[in-house]
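Single-structure report; data block below.
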Amino acid sequence: MRRYAIRIFAEDLVGWVPLVCVVTMTSTLVGICVSQAVWTSGPAFAEATRAARLDLTGFQVVSVTIYAEVALIALFALTAIGSATVRRCHSTFAQWRLAGTTPIQVRVSALFVAGLASAIGSAAGSLASLPLSSALVPAFDALAAEGFSGGLGSFEPPAFDVGALAAPLAFAVSWPTCMAGAILPALRTGRVAPVDFLRKTGADTGRSRAGTAARRVLSGLLLGLSLAILPLGALLGGNGVEAVVNGIVSAGILATLAVFAAGVEGVRLATRAAGLIPRTLGDAVGHLAAREAIEEIERDSHAVVPLAAALGGGSTLLCAARCLEEVLSRLGLPAELNYADVLVLFGLAAAFALATALATVALFGGDDARRQALLRTLGLTRGDTVHLIAWRSLILALSAALLGLMPALVAALAGATLLQAVWGFVAFQPCLDVFATALPVLWAVLFALQRARLARPLAQSPAAVLRGWRLDR
């Protein structure tokens with residue numbers, strides 16, 4: 001079975017490149033955290049902290065904290081990619097089951113494919129982390145030393161040296177970190193039924209009705225908790241500014257988790273709403289793109305949900321910072337805040353979300369090529385096909401923005417309510433500028449990727465594309 005699993009990976013290397021890039025990004029960040037931990041554990045660094053009268057534990061905790069954040073973001077991103085991979089290979093696995101393969105063999109093969117992609121990306125990221133670590137880690141620790149309490153204010157880090165074991169250790173940590181997100185989707189492949197190959201549909205990837213109902217209940221519960229914070233936010237801890245910030249962040253994060261829990265159901269609602277635009281404009285090709293988006297809703301949800309969560313979570317952090325700035329301004333205190341930490345977290349989440357979306361879209365490039373060829377046989381021109389791709393990209397971007405807008409509005413409403421209760425004034429900060437900036441960027445990037453993936457099929461005749469289509473896809 002390993003030979004056939006390798007063939008899945010080898011027959012469409014271009015489609016797997018974005019997934020490997022996400023793994024490489026993850027392992028590079030993990031490698032930097034490992035280099036930070038190894039360097040700060042050395043005797044030279046310990047001597048430098050003693051000379052500056054600083055606590056060595058503070059530097060070590062930073063690397064663990066950043067690793068935990070990277071691992072958490074990567075877990076969501078790679079789980080989404082893993083689910084998309086299962087759907088991409090659904091017909092192949094169903095054909096295997098029809099030929100007599102057992103569910104255990106299918107699961108092992110899926111894990112092998114995920115492990116191969118993770119190993120390639122982890123190896124590349126571990127090597128890339130070494131030169132980046134030598135440039136970033138000493139500068140970061142020097143800045144961190146300025147923020148630690150105590151000390152003489154004269155911390156001079158020693159020469160950066162992590163030894164020959166840094167890269168193997170980074171690989172040993174990053175590979176299981178990347179594999180963690182693929183375990184559950186791979187195990188779900190065992191539920192693929194042999195008859196699914198004859199149906200030629202990937203709509204059912206092993207998700208049960210009970211699981212769908214549980215996700216709906218969980219999403220509603222999380223959304224209800226986020227709204228419950230509006231009257232109860234002041235009880236979350238602290239008084240004044242602390243209560244406002246805690247309430248905004250808690251409400252926004254709970255609403256973001258509700259978006260994750262809703263999954264396909266939430267994306268379906270957002271896609272139907274986005275699809276009203278071409279229908280209202282009377283654009284026939286746009287209406288076709290909207291119908292196509294609804295039919296491929298489960299596939300597209302793997303790209304939309306991470307983008308929506310990144311937009312919602314980032315807007316929550318910005319909303320909290322802007323409300324804090326508003327309070328300081330009303331109190332007559334300096335209101336120029338440093339948004340560097342917020343923007344770094346936002347940028348990290350956005351980078352992972354965008355890479356996840358691109359990897360998911362790239363996985364299904366072959367399916368899109370066949371569909372566009374069929375449409376061209378029915379009368380669509382190459383220009384109409386590019387028009388269709390543009391509408392599909394816009395609907396994907398709009399769906400992500402509409403879903404991400406819910407946590408942003410919940411956080412803004414929590415901020416307005418808490419500011420009124422604690423400080424006696426109202427400031428509504430939904431951070432719409434984030435969405436106004438992100439929407440055209442998402443549209444352009446998604447369109448560019450889909451257009452590039454379909455460049456070769458569009459240059460060929462529909463008959464040539466369909467002749468080159470393999471039965472096992």
Side-chain angles (χ1 to χ4, degrees), residues 69 73 147 219-260 262 266 270 273 307-350 353 397-442:
E69 293 175 355
I73 295 174
S219 177
L221 180 61
L222 290 170
L223 183 58
L225 288 175
S226 68
L227 295 176
I229 290 176
L230 301 183
L232 302 177
L235 302 178
L236 289 177
N239 296 311
V241 173
E242 186 178 355
V244 172
V245 173
N246 286 341
I248 294 172
V249 173
S250 299
I253 295 302
L254 285 172
T256 302
L257 292 176
V259 170
F260 256 115
L307 291 173
L311 287 172
S315 299
T316 296
L317 295 177
L318 285 176
C319 176
R322 290 176 179 180
C323 287
L324 175 59
E325 194 173 48
E326 186 70 23
V327 170
L328 295 177
S329 178
R330 295 294 182 99
L331 294 177
L333 300 175
E336 293 295 328
L337 298 181
N338 186 356
Y339 287 90
D341 53 348
V342 175
L343 294 178
V344 167
L345 288 175
F346 193 2
L348 185 62
L398 280 172
S399 300
L402 288 174
L403 272 182
L405 191 60
M406 186 186 72
L409 292 177
V410 170
L413 189 58
T417 304
L418 292 170
L419 287 175
Q420 174 63 35
V422 177
W423 296 97
F425 67 90
V426 175
F428 189 69
Q429 298 284 353
C431 300
L432 296 179
D433 55 323
V434 172
F435 294 89
T437 303
L439 182 59
V441 172
L442 289 179

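- Residues Ala309 and Phe260 approach most closely at CB-CE1, 3.3 Å, considering heavy atoms.
- Put simply, the side chain of Val426 does not reach to within 4.5 Å of the side chain of Leu419, judged on heavy atoms.
- Counting all heavy atoms, side chain and backbone alike, Ala414 lies closest to Ala251 at CB-CB, 3.8 Å.
- In terms of heavy-atom proximity, Leu318 sits nearest to Cys431 at CB-SG, 3.7 Å.
- Within the 4.5 Å cutoff, no side-chain heavy atoms of Pro440 are placed close to those of Leu442.
- Rounding to the nearest 0.5 Å gives a distance of 11.5 Å between CG of Leu257 and CG of Leu223.
- In terms of modelled atom types and a separation under 3.5 Å, the side chain of Ser329 and the main chain of Glu325 share no donor-acceptor contact.
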**Audit row: Leu324, Val244, side chain to side chain contact (heavy atoms under 4.5 Å, CB included) steps and yes/no** = CA-CA 8 Å; Leu324 175 59; Val244 172; over 6 Å; no
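- The CD1 atom of Ile248 lies 12.0 Å from the CD1 atom of Ile253; values are rounded to the nearest 0.5 Å.
- To the nearest 0.5 Å, the span separating CG on Leu398 from CZ on Phe435 amounts to 12.0 Å.
- Here the shortest heavy-atom pairing between Phe428 and Leu413 reads CE1-N, 3.7 Å.
- Across all non-hydrogen atoms, the minimal contact from Gly252 to Ala411 is CA-CB, 4.1 Å.
- The OG1 atom of Thr256 lies 10.5 Å from the CG atom of Leu222; values are rounded to the nearest 0.5 Å.
- Checking Ser315, Cys319, Ser226 one by one against Val410, the side-chain contact (heavy atoms from CB on, under 4.5 Å) holds for a single residue, Ser226.
- Minimum interatomic distance between Leu439 and Ala401 (heavy atoms only, all atoms of both residues): CD1-CB, 4.4 Å.
- Leu432 is listed as a side-chain neighbour of Leu405, based on a closest heavy-atom distance under 4.5 Å.
- One finds a salt bridge joining Arg330 and Glu326 here, because a Lys/Arg side-chain nitrogen approaches an Asp/Glu carboxylate oxygen to under 4.0 Å.
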